[in-house]
Protein chains: 2
Amino acid sequence: MENHEHRLDLAFTALADPTRRAIVARLCRGDATVGELAQPFQIGLPTLLKHIHVLQRGGLIASAKTGRVRTCSLTPAGLRSTDDWLRAHIASWDSRLDRLETHLSRIARDRSQDD
Amino acid sequence: MENHEHRLDLAFTALADPTRRAIVARLCRGDATVGELAQPFQIGLPTLLKHIHVLQRGGLIASAKTGRVRTCSLTPAGLRSTDDWLRAHIASWDSRLDRLETHLSRIARDRSQDD
DNA sequence: TGCATACTTCGCCACATGGAAAACCATGAG
DNA sequence: CTCATGGTTTTCCATGTGGCGAAGTATGCA
C-alpha cells in the first residue's frame, strides 16, 4: 500500500502547474473529454495527456473511455485531502498563536498584580 | 509585479515535497533556526537550505538572520492563499452538484406531474 | 473496405529538482 | 589572533517535468 504522505506529494505536485489547475477548474463545471480539455490551451495533445495522467496519479481526477472518447471527471476527494492538510496546519498555527496570546496576557496580569 | 497564478505555482510546488511539508509542520509549533530544522531529517545542510529557499519563494515561510543564526518562521498568508484556491474550487464543485440535484429533482417532479 | 476522428505512445530536448561533497564566509568564545 | 560554530555557496549527478513532432491504435461513419 502506498504511503499516505506520498499521496499528498502527488496531489500537491499535480496542483503545482497552472495548466493542470485550469483543467481542475474546468472539470469543476462538469465532465469533459480529452479534446474538450485541450481546446482552451495552446498545447499539443500528448502534453495534455501527460497532465491528465499526473492529475490521475494525484487522485484529483478520474477518466473512463467509451468508444474512442475519454471522458474526465473531477474526484473531489483529491481536493479535499490536500485541503485537509492545509486546514489542519492553519488551525495548528492559529491555536499556537492563541496559546501564545493567553500566555502573554497571563504574564501581563501576573505582573500587574505584582505592582 | 509577479502574476498571481505564478504565486500559486510556487506555493503548491513548495508543498509538494514531504520534507518541506514537515518543515512547515514544525514551524507551526514555533520558530526555529536552520540547524534546528535540519536535526530531524537525514539530509545535509545544503539540501535543507534549498528547501528553505523554495519555501520562501512560495511565500510560506520567512527568515531573518541575527548574528550567525538564521531564524525561520511561518507566513500563514502563504498557506491561506493555497487554501483559498482549494476551497473556492471545492465550493464550485459542490454548487455544481447542487444545481445538478435540483435540476434532476425538478425533472422528476415535472415527470410525476405528467402521470 | 476505406477513411476521418480521437486519442495514445514514442522518442527527443531543455530545463528544473533533490541530493551530496567540498570549499567558503561570518561571528562568537577564549 | 585563533578557532569552532552555523550558515552559505559552488559544483556535480541522477532523475523528473513540460514541451514538441511523428508515428501508432482504435472507433465510427460511409
Side-chain angles (χ1 to χ4, degrees), chain A residues 2-3 5-27 30-73 82, chain B residues 2-3 5-27 30-73 82:
Chain A
E2 280 294 339
N3 190 4
E5 278 289 306
H6 191 238
R7 272 312 213 20
L8 275 181
D9 287 7
L10 298 177
F12 277 117
T13 300
L15 290 171
D17 182 272
T19 303
R20 286 193 294 262
R21 282 199 307 280
I23 291 176
V24 169
R26 167 64 185 79
L27 291 181
D31 298 358
T33 71
V34 171
E36 287 169 351
L37 287 178
Q39 274 181 30
F41 311 109
Q42 287 312 78
I43 65 178
L45 273 191
T47 305
L48 186 115
L49 250 286
K50 282 212 274 191
H51 283 312
I52 289 182
H53 289 147
V54 173
L55 285 167
Q56 277 184 337
R57 269 199 315 160
L60 295 167
I61 74 172
S63 70
K65 197 164 182 177
T66 55
R68 55 187 167 166
V69 306
R70 175 176 298 279
T71 307
C72 304
S73 59
T82 61
Chain B
E2 279 294 342
N3 189 4
E5 278 290 305
H6 191 238
R7 271 312 212 22
L8 274 182
D9 287 7
L10 298 177
F12 276 117
T13 300
L15 290 172
D17 181 89
T19 304
R20 287 194 293 262
R21 282 200 306 279
I23 291 176
V24 168
R26 166 64 184 81
L27 291 180
D31 299 357
T33 71
V34 171
E36 287 169 350
L37 286 179
Q39 274 180 31
F41 310 109
Q42 288 310 78
I43 64 176
L45 272 190
T47 305
L48 186 115
L49 250 286
K50 281 211 275 190
H51 283 311
I52 289 182
H53 289 147
V54 173
L55 286 166
Q56 279 184 337
R57 267 199 315 161
L60 294 168
I61 74 172
S63 71
K65 198 165 181 176
T66 55
R68 54 185 168 168
V69 306
R70 173 176 299 276
T71 306
C72 304
S73 58
T82 61

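Computed from a predicted structure; not experimentally measured. Labels below follow one simple rule: chain letters A, B, ... track the order of the sequence lines, proteins then strands, and each chain is numbered from 1.
The nearest heavy atom of DNA chain D to B:Glu36 and to B:Lys50 marks one nucleotide each, and the one closer to the 5' end goes with B:Glu36.
Counting all heavy atoms, side chain and backbone alike, A:Phe12 lies closest to B:Ala16 at CB-CA, 3.6 Å. Across all their heavy atoms, A:Asp31 and A:Arg26 have their closest contact at O-NH2, 3.7 Å. Heavy-atom minimum distance, A:Ala38 versus A:Leu45: CB-CD2, 3.7 Å. The shortest non-hydrogen separation linking B:Cys72 to B:Val34 is SG-CG2, 4.4 Å. Minimum interatomic distance between A:Thr13 and A:Arg20 (heavy atoms only, all atoms of both residues): O-NH2, 3.1 Å.
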Practice prompt. Take B:Ile43 and B:His51, measure what side-chain contact (heavy atoms from CB on, under 4.5 Å) needs, and give me the verdict at the end.
Written response: CA-CA 11 Å; B:Ile43 64 176; B:His51 283 311; 4.1 Å; yes
Item to complete: Might you work through the side-chain contact (heavy atoms from CB on, under 4.5 Å) test for A:Leu37 and A:Leu27, ending with a clear yes or no?
Response: CA-CA 9 Å; A:Leu37 287 178; A:Leu27 291 181; 4.1 Å; yes
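For the segment residues 13-26 of chain A, residues with any heavy atom less than 4.0 angstrom from an atom of DNA chain D are, sorted by number, A:Asp17, A:Arg20. Heavy-atom distances under 4.0 Å link DNA chain D to B:Leu45, B:Pro46 of residues 40-48 of chain B, given in residue order. Within residues 64-73 of chain A, the residues that have a heavy atom under 4.0 Å from DNA chain D are, in order of number, A:Gly67, A:Arg68.
Under the side-chain hydrogen bond (donor to acceptor under 3.5 Å, both in side chains) criterion, B:Arg21 pairs with A:Glu5, A:Asp9, not counting sequence neighbours. A:Ser63 meets the side-chain hydrogen bond (donor to acceptor under 3.5 Å, both in side chains) test with A:Gln56, A:Arg70; sequence neighbours excluded.
Proximity of B:Leu48 to B:Ile23: side-chain heavy atoms (C-beta onward) are separated by under 4.5 Å at one or more points. Between B:Thr82 and B:Leu8 there is a side-chain heavy-atom pair separated by less than 4.5 Å.
Along DNA chain C, read 5' to 3', the first and last nucleotides having any atom under 4.0 Å from a heavy atom of chain B are C:dT17 to C:dG28.
Going from atom NE2 of A:His53 over to atom P of D:dG18 covers 13 Å, rounded to whole Å. A:Leu49 places its CG atom 15 Å from the C1' atom of D:dA22, with the value rounded to the nearest Å.
Atom-to-atom distance recorded for A:Leu55:CG and A:Lys50:NZ is 13.5 Å, nearest 0.5 angstrom.
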